[in-house]
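So that the names make sense, note that chain A is the first sequence line, chain B the second, and so on, each numbered from 1. The figures that follow rest on heavy atoms only: side chains count, while hydrogens, waters and symmetry mates do not.
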There are 2 protein chains.
Amino acid sequence: MTNIQQVAKQAGVSVATVSRVLNGQNTVSSKTRIKVEEAIKNLNYEPSMLGRNLRNSESRILLILIPSISNPFYLEIIKGIEQIALSQNYNILLCETDSNPEKENIYFDLVRKKMADGIISMDPAVNIETLKELAEKYSIIQCSEYNLDSGIPYVTIDNEEASYRAVKHLIQIGHKKIALMNSDEKFLYARQREMGYQRALEEHEIPLNDDYIIYTKHLGFEHGQQAVKKILAIQDRPTAIFAVSDLLAIGALKEINASGLHVPKDIAVIGFDKIDFSNMTNPTLTTIAQPMYKMGTVAAEMLIDKIRGNDVDNVILNYELVLREST
Amino acid sequence: MTNIQQVAKQAGVSVATVSRVLNGQNTVSSKTRIKVEEAIKNLNYEPSMLGRNLRNSESRILLILIPSISNPFYLEIIKGIEQIALSQNYNILLCETDSNPEKENIYFDLVRKKMADGIISMDPAVNIETLKELAEKYSIIQCSEYNLDSGIPYVTIDNEEASYRAVKHLIQIGHKKIALMNSDEKFLYARQREMGYQRALEEHEIPLNDDYIIYTKHLGFEHGQQAVKKILAIQDRPTAIFAVSDLLAIGALKEINASGLHVPKDIAVIGFDKIDFSNMTNPTLTTIAQPMYKMGTVAAEMLIDKIRGNDVDNVILNYELVLREST
DNA sequence: TTGAAAGCGCTAACAT
DNA sequence: ATGTTAGCGCTTTCAA
């Protein structure tokens with residue numbers, strides 16, 4: 001491996017000058033610059049990030065914490081993060097926590113050990129106490145899921161409002177018996193979306209029916225299947241389902257089909273996120289579109305800003321109701 | 001940030017001794033070890049990977065090149081890679097190339113610049129000349145897609161045989177008019193799967209019909225939809241379709257449904273990969289299961305072996321035919 | 001405009 | 001069993 005010393009020797013200059021050329025400083029005469037560039041070419045020299053990073057005391061790596069790589073919702077966000085990261089010469093380390101605190105802690109160690117310059121956390125189940133502690137020393141942003149009192153900057157959408165909008169749509173097309181397929185109430189977004197659901201019902205004077213609210217442990221396809229079985233078994237069966245995640249809704253769709261019922265004739269279904277697959281189902285899924293790519297770019301910009309030592313503000317992005325075949 | 005010096009001072013020993021404790025060397029008396037460990041705790045010391053990595057001339061990062069993060073096929077492989085990587089104290093940098101040589105080259109630079117210790121390439125469209133050149137200086141493994149003459153070690157399945165098995169299944173359940181929905185012939189796996197398709201037909205004395213072979217540019221859902229339209233428009237319409245990727249097959253499924261035809265009554269469909277979603281469609285998809293997780297673990301083991309300077313052998317893993325509702 | 005030299009945090013060879 | 005010290009490859013301060 002050739003290093004900066006050898007380039008300097010070959011070019012007949014000092015390592016400082018080579019470094020200056022490498023970093024595009026304009027304090028180098030064009031004659032010397034050319035000499036150096038030739039030497040670099042001759043020797044096939046590639047500067048080592050290891051040396052540079054130690055010297056600059058940075059890793060130029062951003063940590064992305066997601067609960068599961070299998071949920072396409074996160075993939076679109078990641079693409080947004082990546083676009084900004086690459087343009088600013090950062091690389092991203094994608095870490096799947098499985099909502100497991102131990103795994104999470106291994107990844108937190110990466111920033112403690114200077115292997116990463118900052119974290120974008122998207123795990124709703126993240127240990128918020130640890131995260132807060134970490135946020136005192138390191139740069140951290142929360143994306144999608146967040147905590148109001150943590151002081152950690154976040155980017156998200158207005159979950160209560162989006163949920164209200166979804167349920168209101170169901171009411172407007174004539175439904176009164178509307179089930180809510182929620183995730184776990186320990187997550188802020190779950191509580192917010194439930195509040196939106198309640199507000200829409202109350203506003204239209206539809207009484208709340210606790211039997212119509214089903215909770216699932218995870219946001220997987222199979223959990224949607226299981227949950228919808230319970231809903232179908234209710235005596236006064238709902239005519240519509242609002243699922244707080246497309247994956248749940250897609251699972252519901254499949255199970256409803258299997259049970260011989262028809263969507264949307266017998267039961268209407270609306271999802272949340274607008275993942276790619278929501279357009280591939282039969283029928284296609286009506287859903288609340290989250291601006292995932294945008295959330296990613298904003299989160300990345302916020303994080304890089306924070307790493308540079310600037311203060312950053314929270315951001316609330318807009319959602320959209322996407323009408324398709326399932327309602 | 002506290003460093004090794006400060007720990008040494010606090011513990012009343014030399015930095016060498018601290019380093020020894022850090023690295024679990026047994027040449028340290030338990031008395032000193034305890035002193036050092038206490039100092040580490042007191043000072044909240046975390047060793048910097050930046051210093052260690054420069055000193056050891058390694059980054060402990062593995063580069064994973066995939067064409068698209070949206071294809072779930074790769075996600076399962078990545079999980080396998082990750083499991084091995086983490087257990088060996090490596091981290092993985094996931095890089096989506098979009099099969100774009102420029103983007104690819106940015107990522108290649110990471111290994112040239114010592115930001116990564118090796119590469120697992122899964123992009124069929126990778127610039128093989130560049131990869132070969134790189135493989136002379138750096139550790140590289142190909143996973144799933146490979147090149148016979150490159151000398152780059154690979155892990156894969158027997159595509160020809162698996163494809164033969166899929167088509168033979170269709171023949172066995174009574175089909176004679178079988179379409180092949182292939183990707184681009186410039187990819188080795190595409191050629192291999194086409195050969196398997198041909199062999200199965202020939203063996204059962206079914207004449208080859210060029211009209212029944214459709215090529216798609218990419219392995220996306222939408223490309224499956226488009227391709228199946230062409231197939232449905234053929235005068236002597238096929239009664240079965242073998243798609244070389246589940247995503248294509250799922251797109252086909254959806255489009256066939258939309259056209260009013262029924263799977264498998266009117267047209268049987270078989271896919272390839274066994275991605276999670278192949279079980280979520282209606283009907284569920286018969287498919288060739290690739291051992292994706294295993295491919296990942298093997299690839300990671302091979303790469304780490306190679307980084308350590310060992311020679312590694314190519315590996316061919318087993319596939320499986322998974323019968324479900326679509327045939 | 002350029003060079004000499006210090007130092008980022010760590011490991012390991014060598015000495016004791 | 002422990003310490004001294006060189007050096008990994010780079011950037012930057014200071015001096016010329």
Side-chain angles (χ1 to χ4, degrees), chain A residues 1-40 43-61 89 109-117 137, chain B residues 1-40 43-61 89 109-117 137:
Chain A
M1 281 291 76
T2 97
N3 60 21
I4 200 172
Q5 306 268 6
Q6 295 165 308
V7 175
K9 198 169 168 189
Q10 163 110 180
V13 298
S14 74
V15 293
T17 301
V18 178
S19 177
R20 288 181 187 113
V21 171
L22 249 27
N23 294 287
Q25 270 159 274
N26 51 10
T27 62
V28 183
S29 77
S30 56
K31 219 190 332 185
T32 348
R33 179 182 304 278
I34 290 170
K35 269 196 304 182
V36 172
E37 279 163 353
E38 273 172 359
I40 288 175
L43 297 172
N44 251 314
Y45 168 69
E46 297 273 359
S48 159
M49 296 303 285
L50 298 176
R52 169 178 299 183
N53 287 348
L54 172 59
R55 171 62 218 225
N56 293 346
S57 194
E58 62 174 10
S59 64
R60 299 214 74 86
I61 284 180
N89 271 307
D109 266 348
L110 293 181
V111 52
R112 295 194 188 101
K113 291 185 177 166
K114 306 219 146 255
M115 186 86 202
D117 294 342
K137 291 179 71 176
Chain B
M1 282 289 78
T2 97
N3 60 20
I4 200 172
Q5 305 269 5
Q6 295 166 307
V7 175
K9 198 169 169 188
Q10 163 109 181
V13 298
S14 74
V15 292
T17 300
V18 178
S19 176
R20 288 182 188 110
V21 171
L22 250 26
N23 294 286
Q25 269 159 273
N26 51 9
T27 60
V28 183
S29 78
S30 55
K31 218 187 340 182
T32 6
R33 178 181 305 278
I34 289 169
K35 268 196 304 183
V36 171
E37 280 164 352
E38 273 173 358
I40 288 176
L43 298 171
N44 253 313
Y45 168 69
E46 297 275 358
S48 158
M49 296 302 285
L50 297 175
R52 171 177 297 183
N53 287 349
L54 172 60
R55 171 62 218 221
N56 292 345
S57 195
E58 62 175 9
S59 63
R60 298 213 77 84
I61 284 180
N89 272 307
D109 266 348
L110 293 180
V111 52
R112 296 194 188 102
K113 291 186 176 167
K114 306 218 146 258
M115 186 88 203
D117 294 341
K137 291 179 73 176

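Considering every non-hydrogen atom in both B:V7 and B:Y45, the closest pair reads CG2-CG, 3.5 Å. When all heavy atoms are compared, the tightest approach of B:R33 to B:N26 is NH2-CA, 4.1 Å.
Overall, the helix from C:dT1-D:dA16 to C:dT16-D:dA1 carries an axis bend of 40° between its ends, with five pairs at each end and the value rounded to 10°.
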Which pairs of donor and acceptor atoms, one on a side chain in residues 10-17 of chain A, lie under 3.5 Å apart (sequence neighbours left out)?
unit_1: A:Q10; atom_1: OE1; unit_2: A:N42; atom_2: ND2; d: 3.3
unit_1: A:S14; atom_1: OG; unit_2: A:A16; atom_2: N; d: 3.4
unit_1: A:S14; atom_1: OG; unit_2: A:T17; atom_2: N; d: 3.3
unit_1: A:S14; atom_1: OG; unit_2: A:T17; atom_2: OG1; d: 3.4

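Two residues, B:T27 and A:N56, neighbour DNA chain D, and the one matched to the more 5' nucleotide by heavy-atom proximity is B:T27.
As judged by a 4.0 angstrom heavy-atom cut-off over every strand, B:L54 is placed among the base-contacting residues. B:S48 comes within 4.0 angstrom of sugar-phosphate atoms only, judged by non-hydrogen atoms across all strands, and of no base. At a threshold of 4.0 angstrom between heavy atoms, the contacts of A:N23 are confined to the sugar-phosphate backbone, with no base atom among them.
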Report each atom pair, protein N/O against N/O of nucleotides 3-7 of chain D, whose distance is under 3.5 angstrom.
unit_1: D:dG3; atom_1: OP2; unit_2: B:S14; atom_2: N; d: 2.8
unit_1: D:dG3; atom_1: OP2; unit_2: B:S14; atom_2: OG; d: 3.2
unit_1: D:dG3; atom_1: OP2; unit_2: B:T17; atom_2: OG1; d: 2.8
unit_1: D:dG3; atom_1: N7; unit_2: B:R20; atom_2: NH1; d: 3.4
unit_1: D:dG3; atom_1: O6; unit_2: B:R20; atom_2: NH2; d: 2.5
unit_1: D:dG7; atom_1: N2; unit_2: B:R55; atom_2: NH1; d: 3.2

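The shortest distance between the side-chain N/O atoms of A:R52 and the OP1/OP2 oxygens of D:dG9 is not below 4.0 Å. Under 4.0 angstrom from either OP1 or OP2 of D:dT12 there lies no side-chain N or O belonging to A:S19.
Side-chain atoms of A:S57 never come within 3.5 Å of backbone atoms of A:L54 as a donor-acceptor pair (strictly under, hydrogens ignored).
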